[in-house]
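The block underneath contains the structure these notes are about, expressed in structure tokens.
One-based numbering, in listed order, for ligands and for the atoms of each.
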Amino acid sequence: MNKTILVLGAGTGGIITAKKLSKEIGRNTKILLFEKEEKNVFAPSLLWLMIGKRKPRQVYRNTRKIEGAGIEIVIGEIEHVNPENISVTINGKEYNGDYMVVSLGIEQVLEHNLDSYGYNFYTLDGAIKFNEKLNNFKEGKIAILIPSLPFKCPAAPYEAAMLVANSIDEKRLSDVTEISLYSPEPGPMGVAGKELSDSVRQLIEMKGITYYPEHQLVSATEKTLTFSNGRTSEFDLLAFTPKHQCPSVVGKTNLIGKSGWIEVDRNTMETQFQNVYAIGDITSIPLEMGKPLPKAGVFAHSQAETVAHNIIQKIAGKIPDMAFSGNGQCFLELGGGKAGFAGGNFYNSPLPDVKMKKPGFIWHWAKVWFEKYWFFKNF
Ligand SMILES: Cc1cc2nc3c(=O)[nH]c(=O)nc-3n(C[C@H](O)[C@H](O)[C@H](O)COP(=O)(O)OP(=O)(O)OC[C@H]3O[C@@H](n4cnc5c(N)ncnc54)[C@H](O)[C@@H]3O)c2cc1C
């Protein structure tokens, strides 16, 4: 009997899920992929966009191009999710399925009026506008701000600061520019361990960036940021990450756990509802060390492969035999054509076992290659 699989969200997790299902059982299955955005942005490229190393048109593709054997794209805002009977409502129409994969990522919330004073570089528009301002920047203070936790891609704001520093250096403005990075975290990428965190901090400081950890924003004005420790800092140009929350359409369902995100079986990604899975940024997976698994595309990607495989097994009447391993890697752009590379196992007990390789040109080119591969393979 033909089955219907509902895939909610055509971001990293949703695309990989739908593509794998399409490749392996597409002819005998209906895969409905629901997505609100026509422009499908490859988020890692936003960092290059904000310093002018990419044109806007190079960082996205049309969502409809994901279509393939068995995949039907439905564009619109999901209005209702019902995990109890495996259905979603979009554009006023209800769709029912046999399996559901929720990969709706995070919802961005703007606090403290930050969008009036600076640029949210976690969006296409914000990265474009920041770049326009950077092009006209002559001297002064640039702030990169993480106003709240958690935020996706633990490396991204640190990469942004280093890429901006490099861009300022290329314009020969380093002597008249101060770059600062403010975060509520005690250190960069802390979940990966103290050694790695210290190495990243060293890389940032070597670029001349002043790092302010444990700085929790409490308010902002056109030119100033005020933190909970009483410190006030001035800026002329501001790039910030948005506050992240679980998408409200899911927040209204019984899928949400105490964490405020979807809690899943950490091996199968199945929720408390049979045949309903959640993957990627919308989930919260506690690690033994006390922090949750970071929100990153690399995890959404391999969780999607696990879930798609297990759904295929179930449909074939076989045992769903794949488990998400907790392995993950990321590139750390340093600017000047160089990057670092960190990777390991985040499920390792009692602490994640994550190491960083020596930064070099090769990791930057590997990241560029992955960007090209992503677009070529999926669109
Ligand atoms: C600047 C930046 C750089 C990054 N760099 C890296 C990196 O180098 N490596 C890495 O591993 N990760 C990186 N990430 C993180 C990575 O992009 C995310 O972790 C990843 O995309 C999560 O995948 P996901 O499927 O969970 O969510 P997403 O990819 O965010 O997809 C969710 C989708 O759901 C859609 N959606 C949401 N609500 C609705 C609704 N109500 N109706 C219809 N559609 C809806 C959204 O439009 C979106 O397309 C970066 C992120 C940013 C912002």
Side-chain angles (χ1 to χ4, degrees), residues 6-18 32-51 54 59-61 63 66 73-81 88-91 101-108 120-124 126-127 130 144 146 150-160 163 189 239-242 244-253 261-262 269 278-284 293-304 307 328-333 339-343 363-364 366-368 370-371 374 378:
L6 311 179
V7 182
L8 282 56
T12 309
I15 291 175
I16 296 296
T17 306
L32 293 171
L33 181 57
F34 303 95
E35 172 58 51
K36 63 182 164 70
E37 302 291 342
E38 297 260 4
K39 282 183 185 161
N40 209 286
V41 175
F42 183 64
S45 305
L46 293 175
L47 300 174
W48 289 322
L49 180 61
M50 72 189 284
I51 56 150
R54 292 287 180 281
V59 308
Y60 65 85
R61 298 288 183 274
T63 297
I66 300 165
I73 313 261
V74 183
I75 300 281
E77 177 110 25
I78 296 170
E79 293 138 18
H80 187 63
V81 177
V88 296
T89 307
I90 184 162
N91 303 325
V101 182
V102 185
S103 46
L104 291 173
I106 59 107
E107 187 168 285
Q108 301 196 359
N120 171 4
F121 68 99
Y122 270 33
T123 63
L124 182 62
F130 178 83
I144 311 292
I146 301 165
F151 61 91
K152 59 181 159 181
C153 191
Y158 297 94
E159 294 179 277
L163 289 168
M189 299 167 73
F240 65 90
T241 60
H244 292 18
Q245 72 177 28
C246 185
S248 2
V249 69
V250 171
K252 293 178 211 145
T253 69
W261 302 90
I262 303 182
M269 309 305 290
I279 56 175
D281 293 352
I282 198 165
T283 63
S284 180
L293 183 75
K295 298 188 186 302
V298 65
F299 298 125
H301 194 129
S302 42
Q303 291 165 354
V307 165
Q329 311 77 29
C330 83
F331 300 106
L332 185 75
E333 278 286 287
F341 179 80
W363 304 122
H364 166 73
K367 186 163 181 170
V368 173
F370 186 73
E371 177 198 46
W374 176 261
N378 298 313

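In this structure, L124 and E37 have side chains that are not in contact, with every pair of non-hydrogen atoms separated by 4.5 Å or more. For the pair W261 and P150, the minimum side-chain heavy-atom distance is below 4.5 Å. The shortest side-chain heavy-atom distance between C246 and I282 falls under the 4.5 Å cut-off. The closest side-chain heavy-atom distance from L163 to M50 is not below 4.5 Å.
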One line per pair, note the atom names and distance for all nitrogen or oxygen contacts under 3.5 Å between ligand 1 and the protein.
from     : atom 1 : to   : atom 2 : distance (Å)
ligand 1 : 11 (O) : G297 : N      : 2.9
ligand 1 : 11 (O) : V298 : N      : 2.8
ligand 1 : 12 (N) : G297 : N      : 2.9
ligand 1 : 19 (O) : D281 : OD1    : 2.9
ligand 1 : 19 (O) : D281 : OD2    : 3.1
ligand 1 : 19 (O) : G297 : N      : 2.9
ligand 1 : 21 (O) : T12  : OG1    : 2.9
ligand 1 : 25 (O) : G13  : N      : 2.8
ligand 1 : 26 (O) : D281 : N      : 2.9
ligand 1 : 29 (O) : T12  : N      : 3.0
ligand 1 : 42 (N) : I78  : N      : 2.8
ligand 1 : 44 (N) : K36  : N      : 3.1
ligand 1 : 47 (O) : E35  : OE2    : 2.6
ligand 1 : 49 (O) : E35  : OE1    : 2.6
ligand 1 : 49 (O) : E35  : OE2    : 3.1

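Applying the side-chain hydrogen bond (donor to acceptor under 3.5 Å, both in side chains) rule to R54 yields the partners E371; only residues at least two apart in sequence or on another chain are considered.
Note that the OG1 atom of T63 and the CG atom of L33 stand 8.5 Å from one another [nearest 0.5 Å].
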